[in-house]
Protein chains: 2
Amino acid sequence: MKPKSFIGMRCSIAGALELIGDRWALLIIRDLSLGLSRYDDLRASTGIPAATLAARLKHLCVSGIVERVRYQERPARDEYRLTPKGHDLWKVNVALREWGDRWDASGFGQPTTEMVDRQNGRPLILALVDAATGEAVPRERSRLRAGPGATDTTRRLLEADM
Amino acid sequence: MKPKSFIGMRCSIAGALELIGDRWALLIIRDLSLGLSRYDDLRASTGIPAATLAARLKHLCVSGIVERVRYQERPARDEYRLTPKGHDLWKVNVALREWGDRWDASGFGQPTTEMVDRQNGRPLILALVDAATGEAVPRERSRLRAGPGATDTTRRLLEADM
DNA sequence: GCATATAACTTCAATTATTGAAGTAACCAG
DNA sequence: CTGGTTACTTCAATAATTGAAGTTATATGC
């Protein structure tokens, strides 16, 4: 039967996962943000089957994460680029990479990439900061609070761990 | 045919996605980190079909993200908890939530939750910081650099955007 | 004693999705 | 006119997901 949709769940994580699509999608997005843009390059880099790649790219276009750009006429050829919405997913990939490196998810033992400061080469990681001031806040000092669109169920769950 | 495995790709993102499993897994992890732990609660909260939930939980246990804990004998009943490895995925979910809220992925218009500082109630977001000092660094000042385990292909790609 | 309830699943057949292999379309180069 | 490039599509086989219903072991109410 048809895979269930998350839509209607009133959850931004569920919505995000729905827009992204599946496990291949974040790899496609990873490659696009690394500078790849052509169908065949994406295929070679990810190893994704041709039919699946075509389907994923279509989905990502509909979701507004990727756009198709004609880069030559005769013969007509299109490439794929991240939209601003797609670029904005970078934190998801950084978080996945950090976690994957920390727990050796690739099984290879050594990280293949690392994020560093352009100016001094020092390693960078994701952390919670005050949205206004940019000051770092340790995770223990953070709390998830019900927002304007919270359901009663969500509200009850969040109150439990105040 | 059998869905392709990412293993062997030498990429921590691919590895992480493989360990996590699929789109349901992050919702399960979201609920576990919110305090749910019982099979039926997870089912009710996510709407995931029973058979699929059982399969996902098994996979997450094998991946070391979730553990099964007996909480009563007679009748024997187990609940599910995040391991430290599982808890450590929090940044992925925070990043997904931020993105989902920013682009209204749920289609609801209003965020259901928000991360705030316990001490002053101010909103928190994920940002890049110096791993050693905790000082925030703007994204434009960051660079992805080849790590010790990088393949030649990766190295070439990264050099292109120096 | 017996029906009902609870919790955590399992089983099943039907339906979709994914896959690898092969093929297509539109051109260009020699 | 043969071969190469790029971006796919088509196909049949296989695998995964689904909703509905059933299972197991026990407790609870009457």
Side-chain angles (χ1 to χ4, degrees), chain A residues 1-9 14 17-28 31-32 35-63 66-82, chain B residues 1-9 14 17-28 31-32 35-63 66-82:
Chain A
M1 286 140 186
K2 184 186 294 181
K4 231 166 162 167
S5 163
F6 293 152
I7 293 203
M9 233 182 182
L17 292 172
E18 182 108 354
L19 287 184
I20 292 169
D22 76 340
R23 49 187 216 144
W24 290 112
L26 282 165
L27 291 185
I28 294 172
D31 283 348
L32 292 176
L36 296 184
S37 62
R38 312 258 275 254
Y39 182 92
D40 277 5
D41 289 341
L42 294 171
R43 228 164 69 63
S45 167
T46 57
I48 185 171
T52 311
L53 176 56
R56 282 306 145 262
L57 286 170
K58 246 163 226 154
H59 178 90
L60 288 169
C61 284
V62 171
S63 298
V66 163
E67 63 186 343
R68 209 185 190 184
V69 182
R70 176 134 313 176
Y71 68 91
Q72 71 171 34
E73 311 283 342
R74 356 230 75 236
R77 293 277 184 265
D78 298 326
E79 61 179 9
Y80 296 91
R81 293 206 196 134
L82 288 177
Chain B
M1 285 144 188
K2 184 187 294 180
K4 233 167 163 165
S5 164
F6 292 151
I7 292 203
M9 233 182 183
L17 292 172
E18 181 109 355
L19 287 183
I20 291 169
D22 76 341
R23 50 187 214 144
W24 290 112
L26 281 165
L27 291 185
I28 295 171
D31 283 348
L32 292 176
L36 296 184
S37 62
R38 312 258 274 252
Y39 182 93
D40 279 3
D41 289 341
L42 293 171
R43 230 164 67 65
S45 167
T46 57
I48 186 173
T52 311
L53 176 55
R56 283 305 146 263
L57 286 170
K58 246 163 227 156
H59 178 90
L60 288 169
C61 284
V62 170
S63 297
V66 162
E67 62 185 343
R68 209 185 188 184
V69 182
R70 174 133 313 174
Y71 68 90
Q72 70 171 34
E73 310 284 342
R74 359 229 72 234
R77 293 277 184 265
D78 297 326
E79 62 178 8
Y80 297 91
R81 293 204 196 137
L82 289 177

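So that the names make sense, note that chain A is the first sequence line, chain B the second, and so on, each numbered from 1.
Distance, B:His59 NE2 to D:dA16 P: 12 Å, rounded to whole Å. Atom CZ in B:Arg70 sits roughly 16 Å away from atom P in C:dA7 (whole-Å rounding). Taking atom CZ of A:Phe6 as the reference point, atom P of D:dT17 lies 11 Å away to the nearest angstrom. Regarding B:Arg77, its CZ atom lies at a distance of 16 Å from the P atom of C:dA5, rounded to whole Å. Rounded to an integer number of Å, the gap from A:Ile28 CD1 to D:dC8 P is 12 Å. Look at CG on A:Leu27: it is 14 Å from P on C:dT18, rounded to the nearest Å. Between the P atom of D:dC8 and the CG atom of A:Asp78 lies a distance of 6 Å, rounded to the nearest Å. Between the CD atom of B:Gln72 and the P atom of C:dC9 there is a distance of 12 Å, given to the nearest Å.
At the phosphate of C:dT19, neither OP1 nor OP2 sits under 4.0 Å from any side-chain N or O atom of A:Arg43. OP1 or OP2 of D:dA7 has at least one side-chain nitrogen or oxygen of A:Arg38 nearer than 4.0 Å. Using a 4.0 Å cut-off, some side-chain N or O of A:Tyr80 falls inside it from OP1 or OP2 of D:dC8. Within the 4.0 Å cut-off from OP1 or OP2 of C:dT19, at least one side-chain nitrogen or oxygen of A:Trp24 is found. OP1 or OP2 of C:dA7 has not a single side-chain nitrogen or oxygen of B:Arg74 nearer than 4.0 Å.
Atom OH in B:Tyr80 sits 12.0 Å away from atom CZ in B:Arg38 (nearest 0.5 Å). For the atom pair CG (A:Leu27) and CD (B:Glu18), the distance works out to 10.0 Å, reported to the nearest 0.5 Å. Rounding to the nearest 0.5 Å places CD1 of A:Ile48 at 9.5 Å from CZ of A:Arg23. For the atom pair A:Thr52 OG1 and A:Arg43 CZ, the distance stands at 10.0 Å (nearest 0.5 Å).
Within residues 47-58 of chain B, the residues having any heavy atom under 4.0 Å from DNA chain D are, by residue number, B:Pro49, B:Ala51, B:Thr52, B:Arg56.
Comparing A:Lys4 and A:Tyr39, the nucleotide of DNA chain D nearest to each residue sits closer to the 5' end for A:Tyr39.
By the salt bridge (charged side-chain N to carboxylate O under 4.0 Å, His left out) test, B:Arg77 is found to be paired with no residue, residues two or more places apart in sequence or in another chain being considered. For A:Arg70, the salt bridge (charged side-chain N to carboxylate O under 4.0 Å, His left out) criterion is met by A:Glu73, A:Asp78, not counting sequence neighbours.
Ion pairing between B:Arg56 and B:Asp22 holds under the 4.0 Å rule for side-chain N and carboxylate O.
Set against D:dG19, D:dT6, C:dA26, the side chain of A:Tyr71 has D:dT6 as its closest nucleotide.
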